[in-house]
Amino acid sequence: MNNFYILGTKYGEKNNQDVSQYLQKRGVVSTGFSWLSDLSRFYNGNFLELEKILTLNGEKPRTISQVKKFLSLKPGDLIALKSTGAPIGKTANLEIIGYAVVVERDGVVYKHDPDEFPLGLGHLINVDFLEFNIHRKLQLGYGQTVHKLKDQNHIDLVFGDYSGVLPINNTASSS
C-alpha cells in the first residue's frame with residue numbers, strides 16, 4: 001500500500017534556507033536532522049535501536065520521531081513538498097511546491113550525504129518529481145518537517161488528482 005507524506009524543504013534553525021532547487025536537481029527529498037550519522041542500516045529497519053542511538057547522541061524525541069518517519073518512506077509513496085506549513089496569524093497555511101514519488105535507483109532508496117550544505121543535504125531518499133515549482137495554497141496546518149497523512153479528506157485536498165493514482169513503475173535506473 002502506498003502512503004502519502006508532506007515534507008518540508010527548508011533548513012536552518014529559522015527554516016530560512018530553501019533547499020527545494022537542490023532536491024530537484026538531485027532527484028531526492030531530504031532531511032537535515034542527525035546530519036552526521038549515516039542511518040543506512042536503519043532504513044525501514046530497527047527503530048528501537050535507532051531511538052537508543054539518537055537519544056545517546058542528544059537528539060530530542062521530536063527529532064527522533066521525524067527521522068523515523070523519513071526512514072519509513074518506501075518506493076511508491078507519494079510526497080507533497082511544502083515551502084511552509086506555518087499559520088499566518090490564526091489561519092492555517094500550507095503551501096505545496098511540488099509532488100514526487102519515492103523510487104529505488106541502482107538498488108538504493110536511502111543514502112547519507114554528510115557534506116555541509118549546500119553541497120550536502122544530510123539524509124536523502126530517491127524520488128521522481130511529478131510536478132515542481134507550483135504554488136498551491138491550502139488552509140491546513142502541517143508545521144513539522146515530515147507528516148504521514150492518514151485522513152482521506154486531507155489526502156484528497158493536498159494531493160488532488162494524485163490521491164487516486166498509484167505509480168505503475170516505482171524503480172528507476174541511474175540518471
Open item on the list: Tell me whether R136 contacts the main-chain N or O of G98 through its side chain, where contact means a donor paired with an acceptor under 3.5 Å.
Closed with: no
Task: Minimum heavy-atom distance F129-V127, with the two atoms named - done: CE1-CG2, 3.7 Å
TODO: Under the side chain to side chain donor-acceptor pair (under 3.5 Å) rule, collect the residues that match up with T63, sequence neighbours excluded.
DONE: none
Open item on the list: So does L94 get a backbone contact from the side chain of T84, meaning a donor-acceptor N/O pair under 3.5 Å?
Closed with: no
TODO: Tell me, please, which residues at least two apart from I155 pass side-chain contact (heavy atoms from CB on, under 4.5 Å).
DONE: F4, L149, Q152, F159, S163
Task: With S30 via side chain to side chain donor-acceptor pair (under 3.5 Å) - residues at least two apart - done: Y11
Open item on the list: Tell me if a side-chain donor or acceptor on N126 pairs with a main-chain N or O of V108 at a distance below 3.5 Å.
Closed with: yes
Open item on the list: Nearest 0.5 Å, please: how far is CG in L50 from CD1 in I64?
Closed with: 7.5 Å
- [ ] Could you tell me which non-hydrogen atom of L71 sits nearest to which non-hydrogen atom of Y43, and how far apart they are?
- [x] O-CD1, 3.3 Å
Task: D113: side-chain contact (heavy atoms from CB on, under 4.5 Å) partners, not counting sequence neighbours - done: R26, D115, L121, L124
Task: salt bridge (charged side-chain N to carboxylate O under 4.0 Å, His left out) partners of residues 32-53, not counting sequence neighbours, each pair once - done: R41-E49, E51-K68
- [ ] Please tell me if the side chains of L78 and L130 come closer than 4.5 Å, counting only heavy atoms from C-beta onward.
- [x] yes
- [ ] Output the distance between atom CG (D128) and atom CD1 (I79), rounded to the nearest 0.5 Å.
- [x] 11.0 Å
Task: K74 versus V102, closest heavy-atom pair with distance - done: O-CB, 3.2 Å
Open item on the list: According to salt bridge (charged side-chain N to carboxylate O under 4.0 Å, His left out), does anything in residues 53-67 pair up with another residue at least two apart or in another chain? List the pairs.
Closed with: none
